[in-house]
Number of protein chains: 2
Amino acid sequence: MTTSDQQFRSLDEKSLVDYIKSTPSLSSVVGTSDNLVVKEVGDGNLNFVFIVSSPSSSLVIKQALPYIRCIGESWPMTKERAYFEATTLKEHGRLCPAHVPEVYHFDRPMSLIGMRYLAPPHIILRKGLIAGIEYPLLAEHMAEYMSKTLFYTSLLYTTTTEHKRAVAEFCGNVELCRLTEQVVFSDPYKVSEYNRWTSPHLDNDAVAVREDNVLKLEVAQLKSMFCERTQALIHGDLHTGSVMVTQDSTQVIDPEFSFYGPMGFDIGALLGNLMLAFFAQDGHATEENDRKAYKKWILRTIEETWNLFHKKFIALWDEHKDGSGEAYLPQIYNNPDVWQLIQTKYLRDLLHDSLGFGSAKMTRRIVGVAHVEDFESITDANKRADCERKALNFAKTLLKERRKFVSIDEVVSTMQQADP
Amino acid sequence: MTTSDQQFRSLDEKSLVDYIKSTPSLSSVVGTSDNLVVKEVGDGNLNFVFIVSSPSSSLVIKQALPYIRCIGESWPMTKERAYFEATTLKEHGRLCPAHVPEVYHFDRPMSLIGMRYLAPPHIILRKGLIAGIEYPLLAEHMAEYMSKTLFYTSLLYTTTTEHKRAVAEFCGNVELCRLTEQVVFSDPYKVSEYNRWTSPHLDNDAVAVREDNVLKLEVAQLKSMFCERTQALIHGDLHTGSVMVTQDSTQVIDPEFSFYGPMGFDIGALLGNLMLAFFAQDGHATEENDRKAYKKWILRTIEETWNLFHKKFIALWDEHKDGSGEAYLPQIYNNPDVWQLIQTKYLRDLLHDSLGFGSAKMTRRIVGVAHVEDFESITDANKRADCERKALNFAKTLLKERRKFVSIDEVVSTMQQADP
């Protein structure tokens with residue numbers, strides 16, 4: 001047992017109050033009065049989350065336990081993930097403060113983060129998408145978050161020295177990387193006790209995924225890129241459950257899977273989960289609301305997210321082309337033609353990576369261990385299976401054909417054809 | 001000044017003898033008698049190298065100084081490179097003892113390695129290639145070395161946990177990586193005080209390299225791969241000056257540039273330098289020896305090196321497919337068709353990477369800072385320039401067209417056409 005283990009104790013509503021009272025960086029936010037109210041609200045798969053409120057203000061406490069909460073002590077998982085989550089919250093928050101909640105406090109031995117409470121009407125984006133709520137600034141905000149966090153942590157902006165130092169540090173988050181490798185890139189393509197799907201409806205579809213050699217070849221390449229390519233400090237789990245929204249606020253939370261990986265894994269997670277939301281809409285349609293207009297909004301949001309990301313990323317690159325980034329030296333890439341050539345190639349490749357990872361993220365949510373509420377909340381199994389099958393078939397096509405797309409518009413057209 | 005700096009002192013012939021006498025792992029090899037003979041033989045760019053001999057045996061001492069030897073204290077370079085060199089010598093030596101000299105001793109504060117003396121007739125391979133000597137086992141041995149060191153340190157064999165631990169450690173060799181980035185991927189493509197070429201003969205050729213947008217786009221992608229892809233523990237400088245040979249022995253030395261990078265960087269370094277040797281032969285032809293037969297041997301060696309590497313690498317992969325490697329789980333890649341699909345794709349991509357890096361290595365030796373003796377020893381500047389131009393033009397074509405090649409035979413045919 002290490003010192004760190006000895007200093008760890010899991011907190012409950014009661015002991016948390018004492019902890020806060022004795023921690024100035026937290027008590028300065030909510031005070032030390034006797035009427036602190038603590039509510040455990042963790043609905044995620046991994047951690048405990050508490051909202052602590054005084055009459056005048058609130059904060060959130062997140063504590064990682066040394067196993068996966070939704071499965072229990074039988075699936076151990078290092079609580080050191082909290083260190084990487086806190087580090088990335090602070091780093092991404094520094095780069096994009098408008099869309100990352102502030103960290104007030106981090107206690108490494110306790111694997112405990114104290115952070116800004118995202119007050120109502122903030123809700124998890126996924127729940128908003130299920131409810132059919134439009135978020136007019138979502139694409140703009142997510143493009144802002146992704147372009148800043150990915151650009152500034154890549155070799156387009158940093159030096160090799162800083163890059164390798166940071167890569168080395170985040171190699172420490174290996175257990176969470178392994179979990180992603182298993183649940184995203186492995187389990188859905190083999191027989192696994194953890195896999196599940198809408199049965200018997202999708203039984204044959206699940207078998208087809210496991211028997212599709214070309215699909216498995218493509219997945220292998222994505223997995224290699226995930227394991228080997230240290231392109232930027234990525235969030236690592238940027239699905240619609242890791243984003244909290246209101247009509248004018250967008251906040252990215254839960255980067256405990258963060259590490260230096262391929263940018264397309266973040267962009268693909270977001271796009272892929274918006275695609276899942278799209279294919280789930282028919283299951284949420286009612287006589288009053290056929291969701292047709294909402295589906296159009298989702299498609300527009302997918303398009304705008306990529307296009308705005310593209311625009312902002314290029315703008316950052318142009319702005320910093322004479323900066324400290326070592327990938328493309330201005331003395332080499334020294335004329336407008338070559339500058340356009342490299343940017344076009346970089347963003348084209350990134351689109352293809354994103355579509356690939358997005359596809360893999362969709363597939364694993366339909367035939368893998370962890371499903372999404374977009375589909376799970378469709379109670380009619382026939383309806384749910386229809387939605388899931390459309391999404392799965394689209395994901396398979398997208399993964400195999402992604403290199404043919406030169407713009408997101410073409411992807412969206414293909415989605416419409418897949419769901420006429 | 002750190003403790004490590006305080007414990008460092010550069011050794012000369014005299015102080016080295018005292019050092020050896022007080023170091024059991026060295027004195028057990030050469031003894032402690034008063035007739036130890038020390039000879040400084042470092043002809044490389046970076047370090048001091050001594051041969052220490054007693055009447056009965058010898059060893060080599062290599063000491064890194066905190067700057068680049070051939071340039072002087074004006075170009076500082078961490079002496080910590082010796083740590084990575086020793087670590088990789090030991091690791092690659094464990095994986096392929098037949099082709100890596102044994103390390104007797106490593107002193108980190110002193111940046112000093114004591115290792116096996118490669119006795120005559122061992123010579124540097126590059127010198128043998130200039131002299132026109134055939135090495136019938138060279139291809140076999142280098143294929144053996146590369147297949148074992150690259151396979152066993154990749155995710156085809158190791159777990160993600162072990163891989164990320166090792167990647168993190170070798171991130172520490174960042175200064176040597178930066179040097180490669182500069183001299184291989186940057187300087188040749190821009191105006192740099194360090195660049196030189198056979199002038200005025202190649203003046204226009206050097207300008208053409210700097211003005212070739214497509215070439216620079218390709219180089220950018222190779223540089224990104226070099227900086228971002230942690231595929232295996234590569235030697236990092238595997239040219240023909242890093243190999244010592246006799247008719248039946250092949251020994252790989254000097255892995256101070258080693259880190260987790262793309263496999264193709266090692267394979268390409270070797271193939272690219274064999275290609276340079278090929279294009280230099282006309283400059284070494286005499287009335288007695290037109291070098292035509294020797295050129296054929298070099299081409300055969302290039303072909304055999306790749307083909308034997310391919311065969312051995314696949315054999316290792318097949319042998320360990322049920323092992324601990326996490327890249328391709330046997331439960332997923334579970335039929336002969338998909339197995340062949342992934343292996344063909346992996347090796348095809350690796351060939352293309354190798355040809356790309358090989359091209360970049362050729363170009364930088366003709367218009368960059370560090371040249372090769374293959375060309376430098378051609379005293380007639382006209383002749384030298386002719387050889388260099390052929391090599392440079394071939395390298396440019398190979399870099400741009402490499403994805404069209406499906407076998408090494410086609411590459412060799414193209415070389416023959418480039419040098420009719």
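Note on naming: letters A, B, ... go to the chains in the order of the sequence lines (proteins, then strands), and numbering restarts at 1 for each one.
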Worked verdict on Thr160(B) versus Glu181(A) for side-chain contact (heavy atoms from CB on, under 4.5 Å)
CA-CA 9 Å; Thr160(B) 294; Glu181(A) 285 175 41; 2.8 Å; yes
Segment of Ile332(B) engaging chain A (4.5 angstrom heavy-atom cut-off):
both
Taking side chain to side chain donor-acceptor pair (under 3.5 Å) as the criterion, tell me which of Arg210(A), Lys216(A), Glu211(A) meets it with Asn334(B).
Lys216(A)
Closest non-hydrogen contact found for Leu155(A) with Cys227(B) is CD1-CB, 3.4 Å
From CD (Glu228(B)) to CZ (Arg229(A)), nearest 0.5 Å:
4.5 Å
With a 4.5 angstrom heavy-atom cut-off, which part of Ala220(B) approaches chain A: side chain, backbone, both or neither?
both
Which bit of Asn173(B) is near chain A, if near means a heavy-atom gap under 4.5 Å: side chain, backbone, both or neither?
neither
Find the distance between OH (Tyr189(B)) and CG (Leu329(A)) and round it off to the nearest 0.5 Å.
13.0 Å
Run Asn213(B) and Asn335(A) through side-chain contact (heavy atoms from CB on, under 4.5 Å) and show every step you take.
CA-CA 9 Å; Asn213(B) 288 349; Asn335(A) 66 71; 3.1 Å; yes
Taking the basic N atoms (NZ, or NE/NH1/NH2) and the acidic carboxylate oxygens, is any pair closer than 4.0 Å for Arg178(A) and Glu326(B)?
yes
Less than 4.5 Å to any heavy atom of chain A: does that hold for the side chain of Ser224(B), its backbone, both, or neither?
side chain
Flag the one option from Met225(B), Glu169(B), Gln331(B) with the top tally of heavy-atom pairs under 4.5 Å to chain A.
Gln331(B)
Checking side-chain contact (heavy atoms from CB on, under 4.5 Å) for the pair Tyr260(A)/Cys171(B): CA distance, chi angles, key distance, verdict?
CA-CA 13 Å; Tyr260(A) 274 76; Cys171(B) 279; over 6 Å; no
So for Thr161(A), is it side chain, backbone, both, or neither that comes closer than 4.5 Å to the heavy atoms of chain B?
both
Is Gln221(B) in contact with chain A via its backbone, its side chain, both, or neither, using a 4.5 Å heavy-atom distance?
side chain
